[in-house]
Q: 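Just passing along the structure, written as structure tokens.
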Amino acid sequence: MDDKKIIKIYLYTRFERFWHWLQAFMIVALIITGLEIHGTFSLLGFQRAVNVHNFIGLSWLVLFAFFVFWLFTTGEWKQYIPTTKKLFSVVIYYGFGIFQGKPHPVEKSPGAKHNPLQRLTYLGLSALLLPVQMFSGLLYYTWNLWAGFMIPLAPVAWIHTLMAFMLISFLLVHVYMTTTGHSLFSHISGMITGWEEIYETTTVEEWELPAKRK
Amino acid sequence: MTKKCIPGLITIMLTAFLLVGSSAPAATNPGGDEAPGRKMAKQAVKREKRWITTDHTKHEILQKPFMSGEEVTQACLSCHSEASAQFHKTIHWTWLASGDKKDMKYGKAGYSVNNFCISANAMEDKSCLKCHAGWNGVDEGVNCLKCHGTEKFNYKEAFTDIQAFAQDDDPESKEIMEEIQAEVTNAVGKIALPGRNNCGECHFKGGGGDGVKHGDLDTSLMKPNKILDVHMGTDGEDFSCTRCHTTTNHNIAGRVYTNPAVESSKSLLEDDLAPKITCISCHSDAPHKNDSKMNDHTDKVSCQACHIPEYARVNPTKMSWDWAKAGDLKDGKPYHTKGELGKDIYKSIKGQMTWEKNVVPEYFWSNGTQTSTTAEDIIDPSTVVKVSHPVGDAKDPDSRIFPFKIHRGNQPYDKINKTLLAPLLSGEKGYWTTFNWEEALTLGNDTLGLPFSGEFDFVKTTYAFPITHMVAPKDKALDCTQCHRRDNGRLATLSGFYMPGRDKSTAVDSLGWIIILGSLGGVGLHGLGRFFTRKNGRRKNHG
Ligand code: HEM
């Protein structure tokens with residue numbers, strides 16, 4: 001396998017990259033300001049942290065709606081359809097194969113940006129974690145509107161806080177995983193330039209391709 | 001997706017981002033725009049001074065030589081025929097919350113007690129009557145000049161003298177009498193709507209001295225600057241008391257033992273004839289700029305809680321009073337000791353007390369009413385007895401977090417009947433003369449018609465005063481973190497609600513940190529594994 005040639009393919013469109021980094025920025029900013037509001041540390045000052053948090057939080061809600069719109073009009077949502085095929089080989093790769101220098105069982109390709117493990121993770125993230133975080137954030141933000149119904153704030157805050165911790169944990173693993181490419185920074189540069197390195201000989205399996213991708 | 005539409009999409013997204021930005025709270029306020037609540041309040045008080053159509057010095061009936069206070073009152077009533085009847089129905093006259101002589105439960109003239117001079121002994125304690133707006137308690141007519149006279153004049157002394165000289169046939173005495181009468185007439189002519197001096201003479205000196213009782217009411221408010229009180233500051237709005245304590249039929253708006261100042265807080269837009277007694281009356285309940293987060297607080301936090309960072313900012317106020325220490329004599333004589341703030345910290349007749357300045361309030365949920373423990377009520381002497389305490393709850397939509405001064409006392413109670421006692425203090429038989437508790441307590445409770453077993457001891461008590469005057473300029477209002485902080489915040493003792501920054505669930509936090517540390521440990525180990533096996537397989541080419 002040493003003689004396999006590495007080529008670059010254009011994997012992430014400009015819009016996808018823009019959205020990825022914008023969302024990354026917003027989430028990191030929300031985590032930092034959120035933890036300050038939580039009382040974990042002080043950095044911006046409580047009042048500014050609240051203002052920044054609410055501003056970015058609300059902006060993110062609106063932008064996320066655009067993202068979902070894009071996802072469905074372009075059919076890109078199919079990239080998130082979970083599959084168990086090769087899921088275990090991917091898990092086994094990260095658990096063992098990677099230490100033995102074995103190749104990744106599912107290389108990236110234009111039709112399939114995410115491997116089965118990523119699909120599952122990102123689906124969980126985009127369909128569960130982030131919406132729950134947004135929804136609890138919105139409830140938190142608008143609490144005064146429905147406080148009259150005697151709904152306590154505490155559970156909302158607890159869910160919001162727990163999800164924040166899970167997001168931090170996701171970020172840690174996510175950033176670490178970017179270093180598992182052909183070189184330490186090849187995945188990151190892929191998300192910056194759009195060009196991912198893959199082996200020339202990699203063939204994209206039929207099941208990885210969305211049926212009617214345009 | 002064709003490449004062409006990408007710039008278009010980016011433009012849409014950026015526009016959306018900016019749009020949200022401009023309407024979101026974080027969009028910091030453009031320029032020095034005034035907060036809506038401030039603008040509204042300025043509008044509400046824009047009119048110049050109140051104008052009147054009469055000059056009292058020109059009224060003949062007010063120029064006659066008066067022989068007694070009663071005569072002055074009659075002169076007033078000759079035009080203001082209903083004034084006395086109106087005033088008799090107000091708490092300023094009855095000193096009873098109910099206004100009904102038969103319902104003595106609450107009120108200075110009834111069974112109410114405090115932890116200062118404790119009881120007015122059904123108005124038998126004559127020294128209390130200095131502040132009553134009659135010529136002699138409730139026995140003679142209303143002294144209109146108490147509230148409407150602008151000249152500080154000792155009428156009582158003047159009329160005693162006049163009556164004494166009138167008995168005398170000596171022409172010289174008559175001359176002196178006429179001189180005094182001329183002074184009286186001169187003072188009587190200077191009539192106006194009540195000013196700070198009128199109200200302050202009693203209300204700034206509640207508890208028998210400057211700033212003793214309230215903490216947010218003392219003589220520093222006679223001529224305050226804006227920094228002490230944005231409303232009353234003579235270099236600012238220069239409000240008189242009655243600017244907010246508006247009046248109908250001589251009934252002055254304000255809080256009464258059992259009743260809140262208003263039943264519901266409404267702005268003048270909602271009810272233009274409502275008393276202007278609440279902040280909301282003029283400022284509305286969304287007074288802050290640009291949908292600021294602060295406006296979300298007004299349903300739970302009173303304006304006063306943040307805008308009166310400390311009280312007693314100029315003159316000190318009394319914070320505690322221990323009656324059990326009273327009665328210590330030096331060479332058989334009463335004495336007193338002054339403390340650092342220039343106030344007595346010990347007085348043989350009163351006991352030991354403490355004074356403080358720039359005091360941080362204590363905060364409680366309050367719906368505007370207070371509970372009162374009267375001289376009739378059964379107490380539990382093993383606890384600190386709340387003689388007066390705010391009523392409220394986090395779950396009550398009418399309650400707000402409100403600042404209070406808590407005055408801590410140690411005062412006599414009946415060990416058998418388990419009631420607070422009402423000692424007679426002034427006068428020949430009062431404690432201040434006799435230093436005899438048993439006698440003073442027996443006589444005192446007699447005035448109220450309440451039993452005293454003869455066995456007494458002292459019990460710790462608290463008395464709560466709402467802090468509502470001395471509103472500071474807006475830049476002196478509290479910063480978020482005075483309350484939104486993990487430890488030692490101003491609201492640390494209030495429970496039953498979740499407050500961001502102060503509260504957290506230990507379970508959630510522990511779980512969260514375990515997840516994070518777990519992830520860190522996981523990727524750390526994985527990374528180390530990769531590092532040590534980097535020579536394996538293909539990685540030797542690309543590591
Ligand atoms: C990545 C996403 C987010 C993270 C990591 C995050 C994190 C946090 C954290 C840790 C807190 C403190 C909770 C507490 O101690 O009670 C908080 C508070 C809060 N969050 Fe979020 N949050 C996120 C998104 C959002 C969104 C989308 C909104 C909706 C507008 C929002 C609105 C709020 C509000 C209103 C508060 C309470 C303090 C305040 O008024 O600003 N958050 N957030």
Side-chain angles (χ1 to χ4, degrees), chain A residues 1-2 4 6 13-15 18-19 22 37-39 42 45-47 50-56 58-59 61-63 66 70 74 76 94 98-103 140 143-144 147-148 150 152-154 156-158 161-162 164-166 168-170 172-173 175-177 179-180 182-183 214, chain B residues 1 3 5-7 9-10 12-13 16-17 19-21 23-28 293 296 299-300 395 397 479-481 484-486 497-505 507-509 511-513 515-516 518-520 522-523 526-527 529-530 532-543:
Chain A
M1 29 180 175
D2 281 357
K4 270 187 187 169
I6 289 174
T13 62
R14 203 184 300 176
F15 167 75
F18 167 72
W19 172 247
L22 181 63
I37 295 163
H38 188 59
S42 56
F46 189 87
Q47 186 165 9
V50 166
N51 284 339
V52 171
H53 192 84
N54 292 350
F55 172 63
I56 298 184
L58 289 175
S59 308
L61 285 187
V62 174
L63 293 179
F66 278 95
W70 170 82
T74 58
E76 286 293 303
Y94 283 116
I98 193 168
F99 302 118
Q100 296 157 6
K102 290 199 177 145
Y140 210 145
W143 185 71
N144 281 72
M150 306 278 166
L153 180 60
V156 176
W158 294 337
T161 310
L162 186 63
F165 281 121
M166 308 221 348
I168 296 171
S169 145
F170 162 78
L172 290 171
V173 177
V175 170
Y176 169 74
M177 295 297 266
T179 66
T180 62
H182 296 280
S183 70
K214 288 193 182 129
Chain B
M1 187 170 55
K3 264 200 150 187
C5 63
I6 293 171
L9 250 174
I10 292 178
I12 293 176
M13 300 207 54
F17 197 78
L19 267 179
V20 176
S23 62
T28 39
K293 188 74 200 162
D296 280 348
D299 58 340
K300 294 286 163 201
K395 294 192 176 56
D479 166 46
C480 312
T481 49
H484 291 279
R485 65 196 296 166
R486 186 74 79 223
F497 61 99
Y498 184 92
M499 186 163 76
R502 181 193 72 168
D503 297 326
K504 64 173 185 184
S505 149
V508 167
D509 267 43
L511 184 61
W513 288 115
I515 293 174
I516 288 175
S519 315
L520 261 182
V523 299
H526 199 271
R530 275 170 60 212
F532 289 118
T533 59
R534 67 192 181 281
K535 299 263 155 58
N536 288 353
R538 69 188 165 116
R539 295 196 72 79
K540 65 185 157 219
N541 284 346
H542 314 292

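Below, read A as the first sequence line, B as the second, and so on, with proteins coming before strands; counting in each chain starts at 1. Atom set for the values below is all heavy atoms of this structure, side chains included, hydrogens, waters and symmetry mates excluded.
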Q: Hey, are B:R530 and A:T179 close enough side-chain-wise for a donor-acceptor pair under 3.5 Å?
A: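 Present: a donor and an acceptor within the cut-off.
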Q: Has B:R534 got its NZ or CZ under 6.0 Å from the middle of the six-membered ring of A:F99, at an angle within 45 degrees of the ring axis?
A: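 Relative to the ring axis of A:F99, which defines the angle, B:R534 lies outside at least one limit.
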Q: With a 4.5 angstrom heavy-atom cut-off, which part of B:P500 approaches chain A: side chain, backbone, both or neither?
A: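 Contact with chain A: backbone and side chain both.
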Q: Which answer fits B:R486, side chain, backbone, both or neither, if we ask what part of it has an atom under 4.5 Å from a heavy atom of chain A?
A: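 When you check distances to chain A, only side chain atoms of B:R486 fall under 4.5 Å.
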Q: Heavy atoms only, distances under 4.5 angstrom: which of A:L153, A:V175, A:L61 has the most pairs with chain B? Name it, please.
A: A:L153
Q: With no hydrogens and no angle check, is any side-chain donor or acceptor of B:H526 less than 3.5 Å from a backbone partner on A:Y94?
A: yes
Q: Among A:F165, A:Y140, A:F46, which has the most heavy-atom pairs under 4.5 Å with chain B?
A: A:F165
Q: Using 30° and 60° as the class limits, which term best fits the ring planes of A:F15 and A:W70: parallel, tilted or perpendicular?
A: tilted
